There are 2 protein chains.
Amino acid sequence: MEDRRVKLADVARVAGVSRASASRALNGGYGVSAEVRRRVREVADRLGFEPHGAARALATGRASAGSRERIEIVIVDPDPQALSAKPFYGRVLTGAAQALAGHDVALELKLVPAPPSVDGDPPFGRILINMPPLPAAAYARHGRNIALGASAPGVPFVAPDNRGGGHQAAAHLVTTGRRRVGAVFGPDTPCARERQDGFLRMMAGAGLTVVSAHGDFTRATAYAAAKQLLAREPRLDAIFAACDVSAMGVLQALREAGRRVPDDVAVVGFDGSALADAADLSSIFMPAEEEAASAVQHLLDPALPPPARLPTALTVRGSS
Amino acid sequence: MEDRRVKLADVARVAGVSRASASRALNGGYGVSAEVRRRVREVADRLGFEPHGAARALATGRASAGSRERIEIVIVDPDPQALSAKPFYGRVLTGAAQALAGHDVALELKLVPAPPSVDGDPPFGRILINMPPLPAAAYARHGRNIALGASAPGVPFVAPDNRGGGHQAAAHLVTTGRRRVGAVFGPDTPCARERQDGFLRMMAGAGLTVVSAHGDFTRATAYAAAKQLLAREPRLDAIFAACDVSAMGVLQALREAGRRVPDDVAVVGFDGSALADAADLSSIFMPAEEEAASAVQHLLDPALPPPARLPTALTVRGSS
DNA sequence: CTGAAAGCGCTTACAG
DNA sequence: CTGAAAGCGCTTACAG
């Protein structure tokens, strides 16, 4: 009548052997007669025996089969739709999944609006995205961690060479003969500032001034900013956008203003996401997948030094 | 000298109490003097004691703290970059994460080139994406499962009303006065066929014939297909693309052919991903997030009937 | 409040 | 090959 879970002892009793033999018959089967093995397995099947993972783990010392190691990807983003709207996150997952292929490690995704407190038993490792320094430091005290983008001191991180990327964009425009250059930069974040920095430095080196506006990495804002840029300098022959999504807004503004791309105006974005490819947009490729992959590799083998800065690359498409 | 893990017995010994008292002091602290509690906790901290999860689980009968329930999202895709290239997957993750908010259930991501065999102890639930019927049926015998898109008979599923979406696209073009309509349909998959079906049926109902070509959901193919369509019928005033990425190829072909969008030619895509928004592309919105969310809800409470077909919605943007 | 003891369910030397 | 026994690390009645 009792509906309690069937245990090894039950199987052993029904099969008419000791628990030791039952255990051996079930695991590998070495050291038991074929007859006993067959009988025990048959009974275990019939009774629906499922070994108690914790007990097994305790007895063997090995971690239980059910509790594979796992790496958490902790994304802090107030926008619950972030994974839909920002290609970056998908690319991170791509890189992490690839680096984990063949390693029996689970990939757990945590998308949270605010930094979660350190809970339960720590995972094998964590990849921290947009994690403020304070909670990042707290995490760092429990298990291995690596951040995407600089985080708290002491927490290793991987990041793209944003400055170099900005430089590459500027160099591309200059070497293709553009002279009246506009730019829609990003918001006030380290990453956006670095891109801007690299871009302006190169332009200054080339003796060119830049007509610029600030955006927030969204299409709508970039669209308005580009219109404003055109009003300030109608002879613009190039516009740099701090991210691909912004570049889409720029393209639309140019189209509406009757400018041909790339004939009249060249456009270069930043990110190199699928969006750039789909829109035939020249863009500075940011190795998001590679960042995530090397983050995972660092977690798997902390002896490897964290790679810190990864190079970007210019991808020329139809817009420049 | 030994570097073995510190256990409760060690803490108890150093603190000068029994293991029982040490255990009580650490868990809740009821039934121990404040003094003992303080001392034990201090020692545990100093020694870096971490309770052995399996042992605790075995002793209490409750599942170990570390082994939270989990829902697996199993994506079968031969392209290791799929998560970067296809917005659909990111949207699925968004929906699943949102539906899981507040439930202490882990979200595990499995991206595999081919259906994995059923391994270890089954998760709380699985969401199957692109899973062929045979392995889907095998999974169905171990734990709760739900597929995105129809799968094996007996496996519950959620899917968008693709046919209705195709119908909506056609209706939009017809009611906005388009009469010479082209279409770049998708590959030979149920989902693409349904979209095509709905589209053609509506057009036939309106007494219009459609100049169509087949694509494979990529930009390059759609670009070529659109060029071909224009060659066959230069007076085309609208083109439907079976997915947003294809629509991007169509837009480029139109631009190069000197057609203005939407003045000369209207374009409508399908998916309603961030791409459509960024490109200001009219599109049939497919509720990917909602599909995933209701899949999760079904897993959490199988008493709820699976929703099966979710309605699509036309989003009109600048391209039509 | 405190500790000796039993027990959680399984595995694995050890003897036979 | 087989079984009695000890043990994995912790918790929790039970007595005191």
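Keep in mind that this is a model prediction, so the values were computed, not measured. In the text below, chain A, chain B and the rest are named by the order of the sequence lines, each starting its count at 1.
- For the pair A:Lys86 and A:Asp77, the salt-bridge criterion is met [side-chain N within less than 4.0 Å of a carboxylate O].
- Using atom C1' as the reference point in both C:dT12 and C:dG16, the two lie 16 Å apart (nearest Å).
- Taking A:Glu108 as the reference, A:Arg70, B:Arg68 meet the side-chain hydrogen bond (donor to acceptor under 3.5 Å, both in side chains) condition, with sequence neighbours excluded.
- A:Phe124 carries A:Arg144 over the face of its six-membered ring, with the cationic atom under 6.0 Å from the centre and within 45° of the normal.
- Taking a pair as Watson-Crick or G-U wobble with both distances under 3.5 Å, DNA chain C forms stems of 3 or more consecutive pairs at C:1-3 with D:14-16, C:5-12 with D:5-12, C:14-16 with D:1-3.
- Ion pairing of A:Glu194 with A:Arg309 is present here, as a side-chain N (NZ or NE/NH1/NH2) and a carboxylate O approach within less than 4.0 Å.
- At a threshold of 4.0 Å, the pair B:Lys7-B:Asp10 does not count as salt-bridged, since none of the basic side-chain nitrogens sits closer than that to a carboxylate oxygen.
- Salt bridge present: B:Glu35 and B:Arg38 bring a charged side-chain N and a carboxylate O closer than 4.0 Å.
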Exercise. Should B:Ile75 and B:Ile127 be marked as a side chain to side chain contact (heavy atoms under 4.5 Å, CB included) after you check the CA-CA gap, both sets of side-chain angles, and the distance that decides it?
Worked result: CA-CA 8 Å; B:Ile75 300 177; B:Ile127 294 180; over 6 Å; no
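- Although no hydrogens or angles enter the test, the distance criterion places a donor-acceptor pair under 3.5 Å between the side chain of B:Arg41 and the main chain of B:Ala25.
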Exercise. Can you give one letter per nucleotide of nucleotides 8-16 of chain D, going 5' to 3': B for a protein heavy atom under 4.0 Å from the base, S for sugar-phosphate only, - for none?
Worked result: BBBBBB---
